Structure formats: structure tokens, C-alpha cells
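Below is one structure, written out as C-alpha cells, with a few remarks after it.
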Amino acid sequence: MLRKAISPSRRLRRTPFSQGVERAGVKAYTVYNHMLLPTVFRSVEEDYRHLKEAVQLWDVACERQVEIRGPDAGRLMQMLTPRDLRQMRPGQCYYVPIVDETGGMLNDPVAVKLAEDRWWISIADSDLLYWVKGLAYGYRLDVLVDEPDISPLAVQGPKAEELMARVFGDAVRGIRFFRFGHFDFRGRDMVVARSGYSKQGGFEIYVNGSDMGMPLWDALMEAGADLDVHAGGPNLIERIEGGLLSYGNDMTDDNTPQECWLGRFCNTQSAIGCIGRDALLRVAKEGPVQQIRPISIDGSAVPVCDEYWPLMSDGRRVGRISSAAWSPDFGTNVAIGMVRITHWDAGTRLQAIAPDGTRHAVVHEAFWT
Ligand code: THG
């Protein structure tokens, strides 16, 4: 396992909140969309406990926005995803699988509809901008596609609403899940959504302008002192408990949305214009032959999963673990795996080959929360 520093350089982008993150004592980063993403402050377990009890500021500026604007924006958006966007209104966010012409997953972003002719795609870790620009150019669409100076800052945890109300006013309390509103911070308009990569509730502020990063970070830290606000980040344990998938870890372009258990976010039949529609309709006839499942792994705390761990049955490989962590609240190791159809029923007992030994594993029906 990697336990070395990463050499900084201009290619590894800092964020508008990096000063605040460093001041808060960040202990580890990962790299996401060529940008720093803080992952650990006190320890993964302490951060997990604090996330479930208080409120955290997350520097998720690495969730970069692909902005599409122009008369063909809606058409281009529908080309990207098998989720039917016809009912989506400005003010809404949708979690959308993005697929290529084979139905393979290219990204699993949050789409933000600002206006009929203006959208943001809040991307996971892949260079989606080039696919979108390529389609816009190849199809001669009347749109502009670029990456604006917008940096998400997530406020997550049970006390998030109280903290947000103190800084943005009581109106934030009225924002519904996966909806957004426009709010003023020191004369700058910002999109504030009820969303975020945790199951603890909270908001995401699409910070408008890098120059506003530290002023907003400081304002939130000051306003939340008595709420025990602390810096945090997407938490490995909490997101596995909650079944939140990580693109590049749990799935790649080798997987269809159906394999990723994202079928509930697809309306392939009615998503007319989606580039991958024909391929997905073809595989839908047969149904997927492997699928993501929650898995528990017996024994003491597992090491970091930084490569697939084979899942075995009777000496045959029937799947793989892609994310795993010890869950203090569930008293077991929780994991996300891809399992073959023959072995994906809840209760199926398998063996997981972790680097420190082979362990018993059990397939579950649903994620833990
Ligand atoms: N917020 C924003 N951008 C993002 C993420 C985010 N970009 C990168 C990454 N996260 C994209 N992946 C996800 C994965 C899950 C969710 C959001 C983005 C998510 N899922 C909920 C669930 O599955 O329970 C809710 C989905 C729904 O009901 O619509 O929130 O976090 N801006």
C-alpha cells in the first residue's frame, strides 16, 4: 500500500479552500479530477463519528463542473444519459449515469439544471469534459462547453442545516433534497443545493469564484464554532455503509448502469437521443450477469482496498471486492463488490481474498443504512 508523499506540482491542482484545509490539519489527500481531495483529518474513524454527530466542511472542489449553455444544451444532456430528463425543471438536480456508445459508464455525476439552456454536470473522477466537447463538435450542436470557476463546498452532518441557516439565512431550511436555490454571499450569487456524498444530510454550495473560497470557509467555521464544526471529507466507512458508489473504484467504463445497480436512475426506453440507448436496450433484454452488491467481510479490520480482492466460491472466482472498511457502528467490515448472477442472492457465503488472508464474506440484500 502507498504510504508516501505525493510530489506537488501545478498539474495537481490546489483548490480555493486548500488554505483552510491545511490550517485544519489535513492528514491525507487523494487525487480526483487532477485536483487535491482531502480524505483524512483526525482519523478515518474519528472523522466518521464526528460526521454522524456534528457538522463538517468538505473541500469537494474536485467535483468540477462541465457547463453546457446554448439552445442545444438540453439535447446534448439527453445524449449523455439514459435517464429521461424531460420532466426535469430548473432548480432540480438529478443523479445521472453517463454512458458511451457501448453502454459503458463514463461517469456518474449530479446534473444541475440552471435554466432550459444552461446546465452543470458535477462530475466524478473522469475527464468527461472531452467527451462532451467531442459530441458538441461532432454533432455541430449550438452550445458552449467549458469548466467554469465553480468549486463545490459541502456542509454535511446532522447540524448542517443550523450552520447553513446562520450564514445564508433561514430560507436554506426550505431547500428540498436534490433541489437548489440561489443565495447571496457578500454580494455574490451562489447555487446552494440539498445534496452531498453522505447519508447524514446536508448541503452543497457551488462557490462562485475562487476568490470567495476562503471568505466563505472562514465564515462557516466562525458561525459553527459552538456546533463543533470541523473540516472533513467524503468518508470511506460512511459511504460504504450508505452504498454510495465511487467511479473508478467500484465501477469503470467496463460496466453498464445495470451492473452498477443504477438501473433505478435509467429510463432507457424513453431516453430518446441517448448515445448508449441501443446498446443498453440490447443488454437489458438479457439482464446483467454480474451486479454490485453490499458485502460483509468477517474478522478484524480489513486493510485498505487499493486493488480488487477476488471473491471465491468452491475455488472459483465469482466476483471482486472494490471498497471495504471496518464499520464501528455495524461491528463488521462493510464492502462493495461486483458478484456474478450465480452467487448474488442475499445470504450467499463467499470467500474474500484480502492481502492479509482469506476471509468469510456474505452477500447482502441492501446497504446498511
Ligand atoms: N455531489 C456533487 N457532485 C458530485 C458528487 C456529489 N460529483 C462526484 C460524485 N459525487 C458523483 N457521484 C455521486 C454518487 C452518489 C450521489 C451523488 C453523486 C448521491 N446519491 C444518493 C443515493 O444514491 O442515495 C441520492 C441519489 C438520488 O436519490 O437522486 O447523492 O456528491 N455535486
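Owing to the predicted nature of the structure, the values given are computational and were not obtained by experimental measurement. In listed order, ligands and their atoms are each counted from 1.
No donor-acceptor contact under 3.5 angstrom links the side chains of Tyr197 and Asn235, judged on distance only. Side chains of Thr358 and Gln351: a donor-acceptor N/O pair is absent below 3.5 angstrom, by distance only.
Checking side-chain atoms of Arg83 against main-chain N and O of Thr268 turns up no donor-acceptor pair under 3.5 Å.
Residues forming a ring pair (Phe, Tyr, Trp, His ring centres under 6.0 Å) with His343 (at least two apart in sequence, or on another chain): none. For Glu116, the salt bridge (charged side-chain N to carboxylate O under 4.0 Å, His left out) test picks out Lys113, with sequence neighbours left out. With sequence neighbours left out, the side-chain hydrogen bond (donor to acceptor under 3.5 Å, both in side chains) criterion links Asp211 to Arg188.
Within 4.0 Å of ligand 1, heavy atoms belong to protein residues Tyr32, Glu63, Tyr95, Asp108, Val110, Ser122, Ile123, Ala124, Phe177, Phe178, Gly196, Tyr197, Lys199, Glu204, Tyr206, Leu244, Arg264, Phe265.
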